[in-house]
Amino acid sequence: MNLTVVSVYPTLLGTYGDGGNVMALRHRARLHGIEVDVINIEPGDAVPESAELYVLGGGEDSAQTAAANALRADGSLKRAAERGAAVLAVCAGYQLLGEYFPDANSAATPGLGILDIRTDRLPKRAVGELAADPKEPLTQTLTGYENHAGATHLGPNASALATVRAGIGNGDGSEGATTAHVIGTYLHGPCLARNPQLADLLLGWAIGRDLPFIEEAEVTQLREERLRTVLG
Ligand code: GLN
């Protein structure tokens, strides 16, 4: 079967290798016998509304504001999320799914209102490894690294993705946010290469059935090395 993945504004939202998330999705999908068609969408292109999975990465403050303004004007990503499409959004992409986030001058800037989150500034920029224990149905400790100045506050209609074990995450001991089939996270890595269970969860949502976890020894080894570095 084929699955359409939309990479949303990869030139604006693709810092720290987050473009690798699309490659990781393609790889994990193949393990499960699914072929992925990737559509790269840049500002000015209409965002397709009927795809099964949307991926947004991190970005600098000004790129983040430009991306949020273009996506608000387009409207398709919000409609796709509301009909149950799967969305993964990292860092700047995560923040702009919320109600507001700080722009380059720290002014509150409207987001898309897809996630019930609000972002303002941390007292000190968060830079370094991030490890967090996820909520069900995920069971494997999430590993990645973070580099952001935003503190993200969850409202009642969003659930934390995980509880921080090392690093900062949202800034209050929680990491990321999820509602329906939408996941926002501060994890770079790229996070789907370092957390294949998260990739499989998104793919399962996109195709409408749970996927059995397929272990790959080299990924398990990479995860163990990274987690040992931060957790001892
Ligand atoms: N500009 C945002 C912040 O600093 C997001 C940064 C990022 O995507 N790495 O909080």
Side-chain angles (χ1 to χ4, degrees), residues 8-9 11-18 21 43 54-75 77-78 81-82 87-135 142-191 195 198 230:
V8 179
Y9 305 163
T11 56
L12 283 180
L13 300 174
T15 53
Y16 310 123
D18 288 337
N21 285 325
Y54 296 78
V55 181
L56 295 78
E60 303 302 329
D61 291 345
S62 52
Q64 178 176 350
T65 300
N69 290 344
L71 287 170
R72 259 205 336 279
D74 180 274
L77 181 61
K78 184 165 187 176
E82 283 170 353
V87 181
L88 173 73
V90 177
C91 205
Y94 168 38
Q95 294 176 6
L96 69 78
L97 293 192
E99 296 298 326
Y100 59 78
F101 62 87
D103 72 5
N105 300 314
S106 296
T109 307
L112 303 184
I114 292 174
L115 281 174
D116 185 16
I117 59 166
R118 285 146 199 82
T119 299
D120 51 25
R121 291 282 189 217
L122 287 167
K124 184 171 168 284
R125 191 171 185 88
V127 182
E129 285 286 315
L130 176 58
D133 287 331
K135 318 264 184 203
L142 295 168
T143 162
Y145 65 90
E146 60 187 331
N147 188 342
H148 61 99
T152 296
H153 313 279
L154 275 58
N157 294 323
S159 308
L161 179 67
T163 303
V164 171
R165 283 176 71 184
I168 304 296
N170 292 328
D172 62 357
S174 69
E175 155 48 25
T178 181
T179 190
H181 293 164
V182 179
I183 289 178
T185 178
Y186 277 113
L187 290 162
H188 300 285
C191 71
N195 302 282
L198 186 55
V230 281

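What's counted below: heavy atoms across the whole structure, side chains too, no hydrogens, waters or symmetry copies. By convention here, the first residue in the shown sequence is residue 1.
Side-chain atoms of Asp172 come within 3.5 Å of backbone atoms of Ser174 as a donor-acceptor pair (strictly under, hydrogens ignored). Between the Asn195 side chain and the Thr143 main chain, a donor and an acceptor come within less than 3.5 Å of each other. In this structure, Asp133 contributes its side chain and Arg165 its backbone to no donor-acceptor pair below 3.5 Å. The backbone N or O of Gly58 lies less than 3.5 Å from a partner atom in the side chain of Asp18, making a donor-acceptor pair.
Side chains of His181 and Ile183 form no contact here, defined as non-hydrogen atoms less than 4.5 Å apart. Here the side chains of Leu13 and Leu96 are in contact, with some heavy-atom distance below 4.5 Å. A heavy-atom distance below 4.5 Å is not found between the side chains of Asn147 and Thr15. In this structure, Val87 and Ile114 have side chains that are not in contact, with every pair of non-hydrogen atoms separated by 4.5 Å or more. Here the side chains of Leu198 and Pro134 are not in contact, with every heavy-atom distance at 4.5 Å or above. Side-chain contact between Leu77 and Leu112 is present, with at least one heavy-atom pair separated by less than 4.5 Å. A heavy-atom distance below 4.5 Å is found between the side chains of Thr163 and Lys135. Considering only heavy atoms from C-beta on, Val90 stays 4.5 Å or farther from Tyr16 through its side chain.
Ring geometry for His148 versus Tyr186: interplanar angle under 30°, hence parallel rather than tilted (30 to 60°).
Applying the 6.0 Å contact sphere to CD of Glu60 captures no more than 12 heavy atoms from other residues, nucleotides or ligands.
Defined by atom type and a distance below 3.5 Å, a donor-acceptor pair is present between the side-chain atoms of Thr119 and Thr152. A donor-acceptor contact under 3.5 angstrom links the side chains of Glu175 and Thr185, judged on distance only.
Taken from CG in Asp61 to CZ in Phe101, the straight-line distance is 8.5 Å, to the nearest 0.5 Å. From Leu130, atom CG reaches atom CD1 of Ile168 across 8.5 Å, with rounding to the nearest 0.5 Å. Interatomic distance, Tyr94 OH to Leu115 CG, rounded to the nearest 0.5 Å: 7.0 Å. Atom CG of Asp116 sits about 10.0 Å away from atom OG of Ser159, to the nearest 0.5 Å. Note that CG of Leu97 is 13.0 Å distant from OH of Tyr54, once rounded to the nearest 0.5 Å. The structure places CZ of Arg118 at 5.0 Å from CD of Glu99, a figure rounded to the nearest 0.5 Å.
Nearest heavy-atom pair, Val230 versus Ala131, reported as atom, atom and distance to 0.1 Å: CG2-CB, 4.1 Å. In terms of heavy-atom proximity, Glu146 sits nearest to Glu129 at OE2-O, 4.1 Å. Here the closest non-hydrogen pair linking Leu122 and Ala151 is CD2-CB, 3.6 Å.
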